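Presented below is the structure to which this report refers.
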2 protein chains.
Amino acid sequence: MYKEKDEHIGIYTSHTIKAIIRFLTTELKQFDITPEQWIVLKRLAANDGITQKELAVLADKDRPSITRILDILEQKELARKEKHHTDRRSFSVFITPRGIELKNQLLPFLEDVYEDRILKAITDEELEVYRRVLEKMNRNIEGV
Amino acid sequence: MYKEKDEHIGIYTSHTIKAIIRFLTTELKQFDITPEQWIVLKRLAANDGITQKELAVLADKDRPSITRILDILEQKELARKEKHHTDRRSFSVFITPRGIELKNQLLPFLEDVYEDRILKAITDEELEVYRRVLEKMNRNIEGV
DNA sequence: AGTATATAGTTAGTATAGAAACTATTTTAA
DNA sequence: TTAAAATAGTTTCTATACTAACTATATACT
């Protein structure tokens with residue numbers, strides 16, 4: 001079908017994702033948050049009080065990234081860090097009331113953005129195949 | 001089907017692409033080139049002598065990015081810039097013999113990486129739907 | 001117990017994207 | 001034809017990912 005996979009799958013996927021992230025960045029600008037900061041806030045909201053390391057795993061970030069993003073979330077008073085009670089190397093991370101408020105706004109907002117705009121005219125069947133392809137690619141390169 | 005699109009489509013796509021780029025970065029390390037540098041080299045090979053601006057459009061890069069990536073490709077002696085003959089603001093960009101050699105190695109190498117590894121066990125039908133979903137998403141957010 | 005190893009987090013360096021300001025030119029238009 | 005606007009490219013700043021080196025603390029081993 002698509003003989004040039006680098007071109008028709010690799011580069012085209014990369015192009016599309018960049019476009020989606022640009023789009024989401026623009027949409028989220030009114031909330032003064034980036035898509036990457038959103039992932040961290042979302043994971044934190046669902047797992048309040050976990051350590052920075054656990055948050056990094058859940059948000060799919062490496063340690064330097066989670067350090068930087070948490071610095072930003074702290075500046076914006078969306079999250080705060082406390083010294084861990086028993087392990088003095090660690091921090092426990094908490095979401096603030098402002099963070100909860102923003103999360104409650106963004107959850108439905110983003111669902112609407114996906115439903116009404118990004119995924120418009122795409123059927124559930126197509127999305128199911130799309131997701132299955134992603135899962136297979138993940139499995140294929142897993143542990144590398 | 002997938003009710004939480006942000007989660008099951010947005011964040012999961014983002015996770016997968018990051019994994020693929022990490023995988024490709026590792027695979028390309030032996031050739032001392034990154035995936036982003038590769039896109040530029042590939043477009044340059046197919047359009048030798050075009051301006052930096054045209055190259056930026058073809059490689060899907062903004063102008064600061066193309067400046068930086070070309071600097072790196074010049075350092076590696078894979079590309080070179082010449083002052084444009086008629087427009088003194090512009091540069092014409094050329095691929096070097098070393099660049100051509102690397103491109104001739106990488107084109108088949110990457111096809112094998114996709115065919116045998118990244119896209120293993122994914123059918124042509126699934127890939128067709130996958131590509132169609134990407135196209136629809138692109139159209140949906142186009143011009144934003 | 002004391003040393004070696006592992007772990008949590010930070011910092012620094014490279015590569016990338018994107019916005020904004022800047023320089024040098026070219027084009028447009030008054 | 002000269003002033004204004006547009007364009008090509010660079011530089012700077014912020015945000016991100018990733019690697020490696022670093023600090024502080026905890027765990028394991030002898």
Side-chain angles (χ1 to χ4, degrees), chain A residues 11 14-29 32-41 50-76 79 81-93 144, chain B residues 11 14-29 31-41 50-76 78-79 81-93 144:
Chain A
I11 293 178
S14 174
H15 164 76
T16 305
I17 298 318
K18 284 202 310 195
I20 291 174
I21 290 174
R22 264 196 303 271
F23 179 79
L24 287 175
T25 300
T26 302
E27 291 296 316
L28 289 179
K29 203 151 270 170
D32 188 30
I33 194 168
T34 67
E36 298 307 330
Q37 291 161 20
W38 162 240
I39 296 182
V40 175
L41 185 69
I50 59 175
T51 65
Q52 209 168 306
K53 188 205 160 138
E54 293 165 332
L55 185 55
V57 171
L58 290 174
D60 193 27
K61 303 285 172 213
D62 53 30
R63 287 175 199 184
S65 295
I66 206 77
T67 294
R68 277 186 312 261
I69 292 174
L70 278 179
D71 280 350
I72 296 170
L73 294 184
E74 276 190 295
Q75 277 169 30
K76 294 178 181 170
K81 283 153 75 167
E82 260 180 37
K83 290 198 166 153
H84 195 277
H85 285 303
T86 58
D87 187 339
R88 286 190 298 168
R89 293 169 306 181
S90 295
F91 288 106
S92 299
V93 190
V144 179
Chain B
I11 294 178
S14 175
H15 164 76
T16 305
I17 298 318
K18 283 202 310 195
I20 292 175
I21 290 174
R22 262 196 304 271
F23 178 79
L24 287 174
T25 300
T26 303
E27 291 297 316
L28 289 179
K29 203 152 269 170
F31 299 100
D32 189 30
I33 194 168
T34 67
E36 298 307 332
Q37 291 161 20
W38 162 241
I39 296 182
V40 174
L41 185 69
I50 59 175
T51 65
Q52 207 168 306
K53 187 204 161 139
E54 293 166 331
L55 185 55
V57 172
L58 291 175
D60 193 28
K61 303 286 171 212
D62 52 30
R63 287 177 199 183
S65 295
I66 206 78
T67 295
R68 280 186 307 257
I69 292 174
L70 278 180
D71 280 350
I72 296 171
L73 294 184
E74 277 191 295
Q75 276 169 30
K76 294 180 180 169
L78 300 172
K81 283 154 73 167
E82 261 180 36
K83 290 199 166 153
H84 194 277
H85 285 302
T86 58
D87 187 339
R88 287 188 301 167
R89 294 169 305 181
S90 297
F91 289 105
S92 300
V93 190
V144 179

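These numbers were taken from a predicted model, which means no experiment stands behind them. Order of the sequence lines fixes the chain letters, A, B, ..., with proteins taken first and strands second; residue numbering starts at 1 for each chain.
A donor atom on one side chain and an acceptor atom on the other are not found under 3.5 Å apart for B:Thr25 and B:Arg22.
Note that CD1 of B:Ile17 is 7.5 Å distant from OG of A:Ser14, once rounded to the nearest 0.5 Å. Residue A:Thr67 holds its OG1 atom at 4.5 Å from CD of A:Gln52, rounded to the nearest 0.5 Å. If you take CD on B:Glu36 and CD1 on B:Ile66, they are separated by 10.0 Å, rounding to the nearest 0.5 Å.
Distances from the side chain of B:Arg89 to the nucleotides C:dT26, D:dA26, C:dT16 place C:dT26 closest. The nucleotide whose nearest atom lies closest to any side-chain atom of B:Lys81 is, among D:dT25, C:dA17, D:dT10, D:dT10. Closest to the side chain of A:Gln37, from the set C:dA15, D:dT16, C:dA17, is D:dT16.
Between A:Ile17 atom CD1 and D:dA17 atom C1' there is a gap of 16 Å when expressed in whole angstrom units. Summarising the geometry, the separation between CD1 on B:Ile21 and P on D:dT16 is reported as 16 Å, rounded to the nearest angstrom. Atom CZ of A:Arg22 and atom C1' of C:dA19 are 13 Å apart (whole Å). With rounding to whole Å, B:Ile72 atom CD1 is found 13 Å from D:dT10 atom P. Atom CG of B:Asp87 is separated from atom P of C:dT23 by 19 Å (rounded to the nearest Å). One interatomic measurement links the two molecules: NE2 of B:His85 to P of D:dA8, which rounds to 18 Å at whole-angstrom precision. Rounded to whole Å, atom C1' of C:dG18 lies 13 Å from atom CD of B:Glu36. Look at CG on B:Leu55: it is 16 Å from C1' on D:dT10, rounded to the nearest Å.
At D:dA15, none of the side-chain N or O atoms of A:Lys29 fall inside 4.0 Å of OP1 or OP2 (strictly under the cut-off). Contact annotation: A:Ser90 side-chain N/O to D:dT25 OP1/OP2 distance is not under 4.0 Å. The side chain of A:Lys53 contributes no N or O atom lying less than 4.0 Å from OP1 or OP2 of C:dG9. Between B:Lys83 and C:dT25 there is no side-chain N or O to OP1 or OP2 distance below 4.0 Å.
Within the helix from C:dA1-D:dT30 to C:dA30-D:dT1, the inter-axis angle between the opening and closing five-pair segments is 0°, rounded to 10°.
Side-chain atoms of A:Ser65 do not come within 3.5 Å of backbone N or O of A:Lys61 as any donor-acceptor pair. A donor-acceptor pair under 3.5 Å is formed between the side chain of A:Glu54 and the backbone N or O of A:Thr51. Remark: side-chain polar atoms of A:Lys76 are paired, donor with acceptor, to backbone N or O of A:Asp32 under 3.5 angstrom.
A heavy atom lying under 4.0 Å from DNA chain D marks the following residues of residues 57-71 of chain B, by number: B:Arg63, B:Pro64, B:Thr67.
Taking every heavy atom of both residues into account, B:Asp60 and A:Lys18 meet most closely at O-NZ, 3.0 Å. Nearest approach of B:Ile72 to B:Gln37, heavy atoms of both residues: CG2-NE2, 3.6 Å.
The base of D:dT25 is not paired with the side chain of A:Arg88 by any donor and acceptor separated by under 3.5 Å.
Taking the nucleotide of DNA chain C with the nearest heavy atom to each of A:Phe91 and A:Lys18, the more 5' of the two is matched to A:Phe91. Judged by closest nucleotide on DNA chain D, A:Lys76 is the one of A:Thr86 and A:Lys76 placed further toward the 5' end.
At a threshold of 4.5 Å between non-hydrogen side-chain atoms, the residues B:Ile11 and A:Ile39 count as touching.
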